There are 2 protein chains.
Amino acid sequence: MPGSAPTFRPLYSQIKSLIMEGLAGGAWAPGAPIPSEAELARRYKVSQGTVRKAVEELAQEHHLVRRQGRGTFVATHAEERTQFRFLRLCRDDDQPETYPETRLLEWRRARAAGEAARLLNLKPGEGLVVVRRLLVFDGEPAVVDEISLPASIFRRLDAELLNRYRGSLYKLFETEFGTRMIRAEERIRAAAADGATASALGMRRGDPVLRVDRVAFTYADRPVEFRRGMYRTDRRHYRNQLV
Amino acid sequence: MPGSAPTFRPLYSQIKSLIMEGLAGGAWAPGAPIPSEAELARRYKVSQGTVRKAVEELAQEHHLVRRQGRGTFVATHAEERTQFRFLRLCRDDDQPETYPETRLLEWRRARAAGEAARLLNLKPGEGLVVVRRLLVFDGEPAVVDEISLPASIFRRLDAELLNRYRGSLYKLFETEFGTRMIRAEERIRAAAADGATASALGMRRGDPVLRVDRVAFTYADRPVEFRRGMYRTDRRHYRNQLV
DNA sequence: TAGTGGTCTAGACCACCGT
DNA sequence: CGGTGGTCTAGACCACTAA
């Protein structure tokens, strides 16, 4: 029977979608507990084992965090443990890295065009907020980021807010804009540093730098950030696990 | 009670270790089926659900592959599906990538020293086999690899064997040397191409290239390969998923 | 001590595969 | 059709946390 539909969807997978809808719709805030497994089982009229399988997969995908004896919580970028999930730059010696200091280089409004428009699913001409910043690790400048965000969500993001905030941008996006980053895709290339990049990073124009283009997605796989990072890699490296 | 041992180890986790020992010891060959869940449950005197949890985790870690209706199989690098698990270079346009052609540039014996010795846990002076090769994608040279391997395992690896073989090196290591790569760590930097690299890749000396240093591990987290890859990234990029 | 997630079991039934 | 993994249930008990 060619073309016959897959026609079967496991119960736990449907429960998973229901919980995801709750997360995307803000039924429970980041960091807050969701109902217990027993309560969810009653609510959805399935066994606790079925809820468990749904919750387990959501925890594996970093949407939820389980804590034995306490409950299950909505994942949040405010935890120390996840600070380096999206920042893969490491010292060459294996000393523990401290969270970098941020220096705002530029803030402006712009119109979507070209690559940023395409990757963010915006029509040319739609509003953008663009941020350029420098990341300084242990006194060493290491990354220049240019971050493009749809104004439809991030209009309120201005230099004052950026300067006031400590810690990761994704924490700010989550608490101030109700937009939680779920996953990201990065494309990494080698490039020659241009004048602005070189001077910000304390290098010479033309020195090799890593160019990391990132698209970050929120719920429903919606792209909401395009970021181009230029990484200085003479004392640090981009680490990756192949599993 | 400071220093008290963790003292509790779930049953499924112990079963997992037993199966891992079987895999590491070659009880079942790559690609071959392991016993059914029911059989394993009888053998280890636990319920099928407990075996299931152990096998599920091993499948998630790519040690096993489950196929509904058929059985559970030892993972192997010989499958098309896993060919690009360790090779993250992609075309900039999103055309599907075909498996690259390999050209052997150099083969030699050497003595472990410096970085390779340290990363492979070898004493200075122990034997190495070193391979340099070029990877050509769709007629475009894109990667120069220098691969260092402990002679204690790979002594038999020579130019004749390398030239005869088609497909991924890890497939060859698995079938010819009984050494299956489980995971790898990569450290990525930007560098200026040296003369040899530039000419192999069709670039100019000093052009920016990606330098990818990889240590690959087999069972028991034993490092058995150090590989330095120089990647040309003007038409391709290194892709990464942040999840 | 009450409540949460974590483990383990036993059994029923379903989906899928090869023959 | 028989055998495999996949789903779902119900229930018992364990480990951990907070009050």
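As the structure is a computational prediction, the values presented were derived from the model and not from experiment.
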Self-check item: Value in whole Å for how far the C1' atom of D/dC8 lies from OH of A/Tyr44
Solution: 18 Å

Quiz prompt | Residue-phosphate contact under 4.0 Å: A/Arg66 side-chain N/O, C/dG6 OP1/OP2 | solution = yes

Exercise. Using atom CD1 of B/Ile15 as one end and atom P of C/dT7 as the other, report the distance to the nearest whole Å.
Key: 14 Å

Quiz item: To the side chain of B/Arg52, which of D/dT7, D/dA15, C/dC8 is closest?
Solution: D/dT7

Quiz item: With a non-hydrogen cut-off below 4.0 angstrom, is A/Gln68 in contact with a base, only sugar-phosphate, or nothing?
Solution: base

Exercise. Take the angle between the ring planes of B/Phe154 and B/Phe177 and call it parallel below 30°, perpendicular above 60°, tilted in between.
Key: tilted

Quiz item: So, is B/Lys53 close to the C/dT7 phosphate, meaning a side-chain N or O under 4.0 Å from OP1 or OP2?
Solution: yes

Practice problem: Nearest whole angstrom, please: distance from the P of D/dG3 to the CZ of B/Arg42. | Solution: 11 Å

Quiz item: How long is the line joining CZ of B/Arg9 and C1' of D/dA15, in whole Å?
Solution: 16 Å

Quiz prompt | For A/Ile34, all residues meeting side chain to side chain contact (heavy atoms under 4.5 Å, CB included), sequence neighbours excluded | solution = A/Trp28, A/Leu40, A/Leu64, A/Thr72, A/Val74

Practice problem: Using atom CZ of A/Arg67 as one end and atom C1' of C/dG3 as the other, report the distance to the nearest whole Å. | Solution: 16 Å

Quiz item: Under 4.5 Å between any side-chain heavy atoms of A/Gln241 and B/Glu185, yes or no?
Solution: yes

Self-check item: Minimum-distance nucleotide (side-chain atoms of A/Arg70 versus D/dT17, C/dG18, C/dT7)
Solution: D/dT17

Practice problem: Give the intermediate values and the outcome of salt bridge (Lys or Arg N to Asp or Glu O under 4.0 Å) for residues B/Arg91 and B/Asp138. | Solution: CA-CA 10 Å; B/Arg91 297 171 62 119; B/Asp138 294 317; 2.8 Å; yes

Polar pairs (N or O, both sides) under 3.5 Å between protein and nucleotides 9-13 of chain C?
{"from": "C/dT9", "atom 1": "OP2", "to": "B/Ser47", "atom 2": "N", "distance (Å)": "3.0"}
{"from": "C/dT9", "atom 1": "OP2", "to": "B/Ser47", "atom 2": "OG", "distance (Å)": "2.9"}
{"from": "C/dT9", "atom 1": "OP2", "to": "B/Thr50", "atom 2": "OG1", "distance (Å)": "2.3"}

Quiz item: How would you list, by chain and number, every residue that makes a side chain to side chain donor-acceptor pair (under 3.5 Å) with A/Arg52, sequence neighbours excluded?
Solution: A/Glu37

Quiz item: If each of B/Ile34 and A/Gln14 is mapped to the nucleotide of DNA chain D with the nearest heavy atom, which maps nearer the 5' terminus, i.e. the 5' end?
Solution: B/Ile34

Quiz item: What about the rings of B/Tyr99 and B/Phe137, do their centers lie closer together than 6.0 Å?
Solution: no

Practice problem: Starting from C1' on D/dG3, measure out to CD on B/Glu37 and report it in whole angstrom. | Solution: 12 Å

Exercise. Starting from P on C/dG6, measure out to CD on A/Glu56 and report it in whole angstrom.
Key: 7 Å

Practice problem: Using only heavy-atom distances, determine whether the side chains of B/Thr76 and B/Glu174 contain a donor-acceptor pair under 3.5 Å. | Solution: yes

Quiz item: Among C/dT7, D/dT4, C/dG5, which is the nearest nucleotide to the side chain of B/Ser36?
Solution: D/dT4

Quiz prompt | Rounded interatomic separation in angstrom, taking CG from A/Leu40 and C1' from C/dG5 | solution = 12 Å

